[in-house]
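Report on one structure; see the data block that follows.
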Amino acid sequence: MEKSQYELCVEVLRRLDKAGVLKHIVLVGSWCLLFYKSYFASAKYAPILKTRDVDLLIPQPSAISVKTDVADLLKDLGFVIGFTGSRGYIRLEHPQLIVEFLVAEKGRPSDKPYPVPQLGVNAQPLRFLELLARDTITAKVKHLSVRLPHPAHFALHKLLILQRRGKPGKIEKDKDAAVRILEALGDKGERDFVKRVFNSLSSRWQNRIRRALADVDSKDLPSIFQ
Amino acid sequence: MNVLKGVLKEELDNSLRMKKNYERELARLPKGSLIKKKIKGHEYYYLVVREGGKVRFIYKGKVSQQQLQKYKQAKEYRAKYRKLLSEVKRQIKFLRSALRGKEPV
């Protein structure tokens with residue numbers, strides 16, 4: 001019997017852990033929403049729609065000292081290599097999951113893939129990802145310790161990239177996820193932390209976030225982002 | 001509703017791309033299956049392939065353990081990829097009909 005999507009995701013993480021790679025990775029993307037459930041155990045929080053994409057951020061590719069072929073590591077689970085677009089970002093694809101590697105884009109914007117030879121993959125460089133690697137939290141997924149962005153960073157990052165999202169459906173989905181998380185953080189008593197993170201951002205980034213939240217109907221949120 | 005439609009559209013694009021990738025991987029696998037025949041006490045291997053609707057036995061003689069392993073692994077991967085490919089095809093069918101909604105076909 002094929003593994004369920006959740007079991008398959010855990011198996012992927014388990015294999016990365018065994019290969020000594022997981023500690024160098026921060027799980028970002030919609031799967032975080034599911035794993036935040038334990039963080040928000042006492043607060044009002046219901047994860048929304050997640051896709052098949054498991055996005056793995058490598059904050060410091062040069063820090064990975066082990067050498068492993070990730071495609072080979074997951075081959076017997078049925079993952080095949082796929083390339084995105086003409087730029088050649090590697091994705092490991094399975095009908096239940098799509099594993100992608102990301103790095104924070106620094107310097108001039110470029111659409112060239114970022115090679116990570118230690119893992120035998122190309123990562124996709126994206127703007128603002130460095131925010132997700134700050135103050136990470138650790139979630140217990142089965143017996144594994146998985147690094148996730150702090151929910152405050154996750155939500156603010158979603159709002160930051162909102163204007164870069166081309167499709168209206170994605171914009172709505174990201175905004176909804178961000179607002180739900182910010183409200184759950186408020187419910188958990190972490191408003192001040194969110195405020196601190198927001199204040200630590202550059203004024204350009206702060207304005208982007210304010211613009212993204214302009215039409216959100218919430219009594220609480222505007223006061224955080226004054 | 002837009003959110004859901006956007007997610008479904010994205011997933012459909014992913015599945016279509018995935019279908020191509022599984023088909024590519026299946027085409028890359030060595031064709032046929034190795035079978036063993038015992039003739040006058042000696043073991044010989046034949047490669048069984050289907051060509052133009054006919055089954056052909058291609059004499060291979062004695063083969064190394066490495067080659068045996070290669071064909072065994074190819075057989076396993078072929079079965080796995082075919083199963084996953086049919087799953088992807090089912091997803092495509094489902095996603096297309098979900099996205100079509102009440103619109104005419």
Side-chain angles (χ1 to χ4, degrees), chain A residues 1-5 8 11 29-31 33-34 46-55 71-72 74-100 158 162 165-180 215, chain B residues 1-31 33 66-103:
Chain A
M1 203 176 103
E2 282 302 317
K3 288 175 187 290
S4 75
Q5 191 187 40
L8 187 65
E11 180 60 21
S30 60
W31 276 80
L33 300 170
L34 182 72
I48 57 155
L49 223 53
K50 63 173 171 50
T51 61
R52 279 183 283 188
D53 297 24
V54 175
D55 298 325
D72 218 34
L74 307 181
K75 194 177 174 186
D76 70 303
L77 292 173
F79 280 88
V80 288
I81 295 176
F83 295 94
T84 320
S86 56
R87 292 157 295 193
Y89 306 127
I90 285 180
R91 297 156 31 124
L92 299 169
E93 299 178 340
H94 183 283
Q96 301 288 329
L97 284 183
I98 299 168
V99 180
E100 279 185 278
K158 284 275 176 223
L162 216 59
R165 296 291 214 183
K167 298 170 188 166
K170 275 201 167 191
I171 294 175
E172 244 179 281
K173 181 172 150 260
D174 280 358
K175 195 186 278 188
D176 189 33
V179 170
R180 274 168 192 253
D215 59 344
Chain B
M1 198 58 176
N2 264 349
V3 176
L4 199 59
K5 256 196 163 175
V7 172
L8 292 176
K9 178 78 181 63
E10 193 183 338
E11 294 293 11
L12 176 62
D13 291 342
N14 283 333
S15 291
L16 288 169
R17 203 164 28 222
M18 212 178 283
K19 178 175 170 273
K20 272 188 194 165
N21 290 334
Y22 275 115
E23 284 166 348
R24 179 201 67 210
E25 288 302 316
L26 273 167
R28 268 188 195 167
L29 292 171
K31 285 202 166 40
S33 179
Q66 207 182 356
Q67 260 191 311
L68 274 177
Q69 191 57 33
K70 186 181 127 190
Y71 276 97
K72 190 175 168 240
Q73 211 176 42
K75 196 176 168 183
E76 284 169 11
Y77 277 116
R78 192 175 302 118
K80 188 172 292 209
Y81 289 160
R82 276 187 182 152
K83 196 175 167 194
L84 295 171
L85 180 61
S86 73
E87 194 180 335
V88 174
K89 284 179 180 171
R90 270 200 310 276
Q91 285 174 353
I92 291 171
K93 205 173 161 187
F94 169 79
L95 290 164
R96 276 194 172 137
S97 70
L99 276 165
R100 203 163 43 231
K102 284 184 181 175
E103 290 163 28

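Each chain gets a letter, A, B and so on, in the order the sequences are listed, and its residues count up from 1. Both backbone and side-chain heavy atoms feed into the values below; hydrogens, waters and symmetry mates do not. The model shown is predicted, which means the values in this text are computed figures rather than measured ones.
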Under 4.5 Å from a heavy atom of chain A, the part of Glu25(B) involved: side chain

Interface moiety of Arg90(B) toward chain A, non-hydrogen atoms closer than 4.5 Å: neither

Where Lys75(A) and Tyr81(B) come nearest, the two heavy atoms and their spacing: CE-OH, 3.8 Å

Check: Gln91(B) side chain, Pro95(A) main-chain N or O, donor-acceptor pair, under 3.5 Å: yes

Interatomic spacing from CE in Met18(B) to CZ in Arg91(A) - rounded to 0.5 Å: 6.5 Å

Euclidean distance, Glu10(B) CD relative to Ile98(A) CD1, rounded to 0.5 Å: 8.0 Å

Part of Asp53(A) within contact of chain B (heavy atom distance under 4.5 Å): side chain

Distance (rounded to the nearest 0.5 Å) between Lys19(B) NZ and Glu93(A) CD: 13.5 Å

Candidates Leu85(B), Asn21(B), Leu26(B) - the one meeting side-chain contact (heavy atoms from CB on, under 4.5 Å) with Val80(A): Asn21(B)

Spacing of CG belonging to Leu84(B) relative to CZ belonging to Phe79(A), to within rounding of 0.5 Å: 9.5 Å

Residues in residues 71-78 of chain B near chain A [non-hydrogen atoms, under 4.5 Å]: Tyr77(B)

